[in-house]
**Student:** 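Please see the structure below; I have some questions.
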Protein chains: 2
Amino acid sequence: MTDATAAERLRDSALGDDLSFLLARANVLSIAAGNAALAATRLRVRSYSVLALAGSEARPNQREIAEFLRLDPSQVVTLVDDLQKRGLVDRAPDIADRRTKVILATEEGHRVLVLARSAVIEAERRLHSNLSDAERETLAELLRRLAFTGA
Amino acid sequence: MTDATAAERLRDSALGDDLSFLLARANVLSIAAGNAALAATRLRVRSYSVLALAGSEARPNQREIAEFLRLDPSQVVTLVDDLQKRGLVDRAPDIADRRTKVILATEEGHRVLVLARSAVIEAERRLHSNLSDAERETLAELLRRLAFTGA
DNA sequence: TATTGTTATACTCTATAACTATA
DNA sequence: TATAGTTATAGAGTATAACAATA
């Protein structure tokens, strides 16, 4: 009746081989570790992802960020507002279509991104330490297939 | 500059091989599909997991449910309250320790669980249709290692 | 007419602390 | 003193609808 036994009973009897549940539980741990690792930069995993896209070569607009991160456009407004207030990103006008705003990391944004990224990578390494590099790559490939399914 | 191209640019340039991000995105899709599939039973993925544990042989108490699902004990109170109001689970007293309450599915709970489970399985099958059975098993095994890491 | 970004709003989920009853 | 469950509350995340500017 110890703790370990309870967890084992539950793992064996229900949900333990349900992909959705495993995905959810792995994700909860991942978010917790990510937010903890990002605390020093005052980012969270959500704002970090936006900053990472803004700092990439892709020059995304808000709608593209929303679709890629599976967020509602209105959520992206809030996230970008916050990053912009902190001077980490800018809303650049798109010459071709004046409705759209391209989100770009500022110099300061790039500096913070470097710190944030290494913190995240370090946290992941710790969290995934019981997977080999090959296993991690397999996992990434399989998740990519799920994550970018038609829907 | 079409949609597909934007997504591809983003996938290639940032986050696209970040395990945490892939996990998060796959999970968002999984939750959305799960909630949609469960709509007819008026469950959500969260209450479904609790009901599934209550309907298992494991006879978990609330604290065990909280730890297994990585929820706060107070969240489990709310979830169980709701399921109990609907007559799907009971709080059974533990003879050995009168503080703890064992959560058990009622007959009606088991009936609903059967429907819910098949809806969830069907939704997963659709969502994971581009993985082979072997790949799905590999994915489950790797996720299990992440999901039940020490932390 | 349709789309991008925005505002407003409500709902769900998550996190914390304090309380009770038992141990 | 510590633990299981509970209550209260605030904060983060999610979903929807309506609107202005532009296409």
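Labels below follow one simple rule: chain letters A, B, ... track the order of the sequence lines, proteins then strands, and each chain is numbered from 1.
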**Student:** Between protein and nucleotides 16-23 of chain D, map the contacts as a letter string: B base, S sugar-phosphate only, - none, heavy atoms under 4.0 Å, written 5' to 3'.
**Tutor:** B----BBS
**Student:** Any sub-3.5 Å donor-acceptor pair from B/Arg9's side-chain atoms to A/Ala58's backbone N or O?
**Tutor:** yes
**Student:** Using the ring of each side chain (for Trp, its six-membered ring), is B/Phe21 parallel, tilted or perpendicular to A/Phe148, with breaks at 30° and 60°?
**Tutor:**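 Rings of B/Phe21 and A/Phe148: tilted, as their planes differ by 30° to 60°.
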**Student:** Could you tell me the separation between the CG atom of A/Asp94 and the P atom of C/dG5, rounded to a whole number of Å?
**Tutor:** 9 Å
**Student:** Nearest whole angstrom, please: distance from the C1' of D/dA15 to the CD1 of B/Ile31.
**Tutor:** 14 Å
**Student:** Do any pairs count as a salt bridge (charged side-chain N to carboxylate O under 4.0 Å, His left out) and have a residue in residues 114-126 of chain A, sequence neighbours left out, and if so which ones?
**Tutor:**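 Counting only pairs at least two positions apart or across chains, the salt bridge (charged side-chain N to carboxylate O under 4.0 Å, His left out) contacts touching residues 114-126 of chain A are A/Glu122-A/Arg125, A/Glu122-A/Arg126.
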**Student:** B/Asn35 has an atom CG; how far is it from atom C1' of D/dA15, in whole Å?
**Tutor:**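 In whole Å, D/dA15 C1' and B/Asn35 CG are 12 Å from each other.
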**Student:** For residues 85-96 of chain B, which residue pairs qualify under side chain to side chain donor-acceptor pair (under 3.5 Å), counting only residues two or more places apart or in two chains?
**Tutor:** B/Gln62-B/Arg91, B/Asp81-B/Arg91, B/Gln84-B/Arg91, B/Asp94-B/Thr100
**Student:** For a quick test of your reading: what N or O donor-acceptor pairs under 3.5 Å do the side chains of residues 37-55 of chain A make, sequence neighbours left out?
**Tutor:**
{"unit_1": "A/Thr41", "atom_1": "OG1", "unit_2": "A/Leu38", "atom_2": "O", "d": "2.7"}
{"unit_1": "A/Thr41", "atom_1": "OG1", "unit_2": "A/Leu43", "atom_2": "N", "d": "3.4"}
{"unit_1": "A/Ser47", "atom_1": "OG", "unit_2": "A/Arg44", "atom_2": "N", "d": "2.9"}
{"unit_1": "A/Ser47", "atom_1": "OG", "unit_2": "A/Arg44", "atom_2": "O", "d": "3.2"}
{"unit_1": "A/Ser49", "atom_1": "OG", "unit_2": "A/Val45", "atom_2": "O", "d": "2.6"}
{"unit_1": "A/Ser49", "atom_1": "OG", "unit_2": "A/Arg46", "atom_2": "O", "d": "3.4"}

**Student:** Starting at atom CG of B/Leu71, determine the distance to atom P of D/dG5, rounded to an integer number of angstrom.
**Tutor:** 13 Å
**Student:** Output the rounded distance in Å from CG (A/Asn27) to C1' (C/dC13).
**Tutor:** 13 Å
**Student:** Could you identify which residues of residues 43-60 of chain A place a heavy atom less than 4.0 Å from some atom of DNA chain D, listed by residue number, or say none?
**Tutor:**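 Listed by number, they are A/Arg44, A/Arg46.
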**Student:** Do the side-chain N or O atoms of B/Arg91 get closer than 4.0 angstrom to the phosphate oxygens (OP1, OP2) of D/dT6?
**Tutor:** yes
**Student:** Tell me: CZ of A/Arg63 to P of C/dT4, nearest whole Å?
**Tutor:**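 Rounded to whole Å, this separation is 4 Å.
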**Student:** Please list, chain by chain and in numerical order, all residues satisfying side chain to side chain contact (heavy atoms under 4.5 Å, CB included) with A/Ser132, sequence neighbours excluded.
**Tutor:** A/Ala134, A/Glu135
**Student:** Just how far, in rounded Å, is P of C/dC13 from CZ of B/Arg70?
**Tutor:** 19 Å
**Student:** Find the distance B/Leu69:CG to C/dC13:C1' and express it as a whole number of Å.
**Tutor:**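 Rounding to the nearest Å, CG of B/Leu69 and C1' of C/dC13 are 14 Å apart.
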**Student:** When you match A/Val28 and A/Thr100 each to their closest nucleotide on DNA chain C, which lands nearer the 5' end?
**Tutor:**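 It is A/Thr100 whose nearest nucleotide is closer to the 5' end.
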**Student:** For A/Ala140, check side chain to side chain contact (heavy atoms under 4.5 Å, CB included) against everything at least two apart and list the hits.
**Tutor:** A/Glu137, A/Arg144, B/Leu19, B/Leu22
**Student:** Only counting residues at least two apart or in another chain, list the ones meeting side chain to side chain contact (heavy atoms under 4.5 Å, CB included) with A/Asn130.
**Tutor:**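 Scan of A/Asn130 (side chain to side chain contact (heavy atoms under 4.5 Å, CB included), adjacent residues dropped) gives B/Arg145, B/Thr149.
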**Student:** Name the closest nucleotide to the B/Gln75 side chain, picking from C/dT14, D/dG5, D/dT14.
**Tutor:** C/dT14
**Student:** Mind checking what makes salt bridge (Lys or Arg N to Asp or Glu O under 4.0 Å) contact with A/Asp97, not counting sequence neighbours?
**Tutor:**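 Salt bridge (Lys or Arg N to Asp or Glu O under 4.0 Å) check on A/Asp97 returns A/Arg99.
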